[in-house]
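Taking it in order: structure first as structure tokens, then the write-up.
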Amino acid sequence: MDHINGDEFLARQRVLVIAPHADDETYGCAGTISRVKSLGGETYVIVASVASIEQYGGAQESGLRTVTADTRLSEFESVAELLKVDDWEVLFSGSERHMALDTVPRRELVRLLERDARLSIDNVRPTMVLIPAISYNQDHEALFRACVTATRPCAPGDRHFVPHVLCYDNTSLFWTPERERFTPNLFVDISEFLQVKLQAMALHASQVKDPLYHGSPEGLALQSRWRGKEVSVDSAEGFATMRVVL
């Protein structure tokens with residue numbers, strides 16, 4: 001288990017965050033993005049899919065409601081500005097691929113991530129890639145597997161090799177067998193950036209849930225502080241957690 005408090009290490013990073021949907025970058029690693037940027041590092045975000053969608057609930061709501069693609073994209077743009085990311089890109093727009101990334105051939109997803117997207121690994125040449133942890137959300141699972149392939153080891157000189165590949169947790173609600181629970185082995189101190197993370201969540205206004213829901217701003221704050229307790233850092237305001245991909 002590693003406890004990262006190395007500003008010098010993070011300041012050297014060129015980070016590429018790969019998110020299934022707009023808001024996953026915030027749930028998973030907005031605090032880490034903010035810390036890297038504050039130290040002079042670079043951050044880039046790929047969002048796999050943005051589209052209009054019918055979804056259940058929201059703060060003080062129940063039942064199905066429609067959230068438009070324009071709303072989701074506008075919210076994400078505000079978050080990108082708040083987090084001061086260097087650049088961002090959406091791979092797929094429209095309902096055909098949204099919540100259906102499992103229908104996209106993995107070869108196509110890998111090709112986009114590896115070399116064909118504007119912010120592909122070949123183009124950005126990141127030193128660190130943050131990818132979504134596998135889950136029972138079909139888009140998260142499909143993107144996780146494509147990311148693992150796109151960041152696979154290679155012979156020196158063949159293509160850009162990413163030395164640090166990390167999974168970030170997600171807040172999807174699903175039954176999780178014990179063997180598949182997210183178990184972090186790398187902790188990032190975001191004590192000074194927890195409020196930025198919560199502010200970013202608030203900017204994803206269409207996705208904000210009431211306090212009972214574990215993906216609410218209150219739930220995010222509680223989870224971040226609880227992760228600090230896991231490594232006996234009682235004074236920390238919050239920690240982001242990752243899992244090293246080996």
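Since the structure is predicted, the reported quantities are computational estimates derived from the model, not experimental observations. All residue numbers refer to positions in the sequence shown, counting from 1.
- Legend: ring-ring contact (aromatic ring centres under 6.0 Å, His included) pairs involving residues 146-165, not counting sequence neighbours, sorted by first then second residue: Phe9-His164.
- Panel note: side chain Thr127, backbone Arg14; a donor-acceptor pair is recorded below 3.5 Å.
- Placement of Val244 and Met128 within a single hydrophobic cluster is found when ILVMFWY residues are connected by side-chain heavy-atom separations under 4.5 Å, directly or transitively.
- Formation of a donor-acceptor pair under 3.5 Å by the Gln138 side chain with backbone atoms of Asp102 is not found in this model.
- A continuous path of Ile, Leu, Val, Met, Phe, Trp and Tyr side chains, each step under 4.5 Å between heavy atoms, connects Leu82 with Leu39, placing both in one hydrophobic cluster.
- Taking every heavy atom of both residues into account, Ala133 and Phe182 meet most closely at CB-CD1, 3.7 Å.
- Between the side chain of Asn123 and the backbone N or O of Ala117 there is at least one donor-acceptor pair closer than 3.5 Å.
- The hydrophobic cluster containing Ile53, built from Ile/Leu/Val/Met/Phe/Trp/Tyr side-chain heavy atoms closer than 4.5 Å, also comprises Met99.
- Remark: the backbone N or O of Ser206 is paired with a side-chain donor or acceptor of Glu75 at under 3.5 angstrom.
- In the displayed structure, Glu192 atom CD is contacted under 6.0 Å by at most 12 heavy atoms of other residues, nucleotides or ligands.
- Residues Thr68 and Ser52 share a closest heavy-atom pair of CA-OG, 3.3 Å.
- Side chains of Gln13 and Glu42 form no contact here, defined as non-hydrogen atoms less than 4.5 Å apart.
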Assess the residue pair Trp88 and Glu77 against the criterion (side-chain contact (heavy atoms from CB on, under 4.5 Å)); give the C-alpha distance rounded to whole Å, side-chain angles, the decisive distance to 0.1 Å, and a yes or no. CA-CA 9 Å; Trp88 57 270; Glu77 288 175 340; 3.5 Å; yes

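- When all heavy atoms are compared, the tightest approach of Ala48 to Leu143 is CB-CD2, 4.0 Å.
- Under the 4.5 Å side-chain heavy-atom criterion for ILVMFWY residues, a single connected hydrophobic cluster contains both Val245 and Ile18.
- Inter-residue side-chain proximity for Val50 and Phe76 is flagged as unmet; no heavy-atom pair is nearer than 4.5 Å.
- With Ser74 contributing its side chain and Asp70 its backbone, the two residues share no donor-acceptor pair below 3.5 Å.
- Side-chain contact between Tyr136 and Glu141 is absent, with no heavy atoms from C-beta onward closer than 4.5 Å.
- Smallest separation of non-hydrogen atoms from Ala200 and Ala30: CB-CB, 4.5 Å.
- Residue Ser78 holds its OG atom at 10.5 Å from CG of Leu83, rounded to the nearest 0.5 Å.
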Table please: side-chain donor-acceptor pairs of residues 104-115 below 3.5 Å, with sequence neighbours left out.
{"from": "Glu108", "atom 1": "OE2", "to": "Arg97", "atom 2": "NH1", "distance (Å)": "3.4"}
{"from": "Arg111", "atom 1": "NH1", "to": "Asp116", "atom 2": "OD2", "distance (Å)": "2.7"}
{"from": "Glu114", "atom 1": "OE2", "to": "Arg152", "atom 2": "NH1", "distance (Å)": "2.6"}
{"from": "Glu114", "atom 1": "OE2", "to": "Arg152", "atom 2": "NH2", "distance (Å)": "3.1"}

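- Between atom SG of residue Cys147 and atom NE2 of residue His140 there is a gap of 11.5 Å, rounded to the nearest 0.5 Å.
- No side-chain heavy atom of Glu25 sits under 4.5 Å from any side-chain heavy atom of Leu130.
- To the nearest 0.5 angstrom, Ile131 atom CD1 is 12.5 Å from Ile46 atom CD1.
- The OH atom of Tyr27 sits 12.5 Å away from atom OH of Tyr168, with the distance rounded to the nearest 0.5 Å.
- Closest of all the heavy-atom pairs between Cys29 and Met242 is CB-CE, 3.9 Å.
- A continuous path of hydrophobic side-chain contacts links Leu16 to Phe92 [ILVMFWY only; heavy atoms under 4.5 Å].
- Checked by atom type and distance alone, the side chain of Asp86 pairs as donor or acceptor with a backbone atom of Thr43 at under 3.5 Å.
- A continuous path of hydrophobic side-chain contacts links Val79 to Leu73 [ILVMFWY only; heavy atoms under 4.5 Å].
- Under the 4.5 Å side-chain criterion, counting only non-hydrogen atoms from C-beta, Arg35 is in contact with Asp189.
- For Asp23 and Arg72, the salt-bridge test passes: some basic side-chain N is under 4.0 Å from an acidic carboxylate O.
- In this structure, CZ on Arg227 lies 11.5 Å from CD1 on Ile190, to the nearest 0.5 angstrom.
- Residues Ser38 and Phe193 form a side-chain contact, since some pair of their non-hydrogen atoms from C-beta on lies under 4.5 Å apart.
- Put simply, CZ on Arg243 and CD1 on Ile134 are 9.0 Å apart, with the number rounded to the nearest 0.5 Å.
- With hydrogens and angles ignored, the 3.5 Å screen pairs a side-chain donor or acceptor of Lys197 with a backbone N or O of Thr26.
- In terms of heavy-atom proximity, Ser49 sits nearest to His98 at OG-ND1, 2.7 Å.
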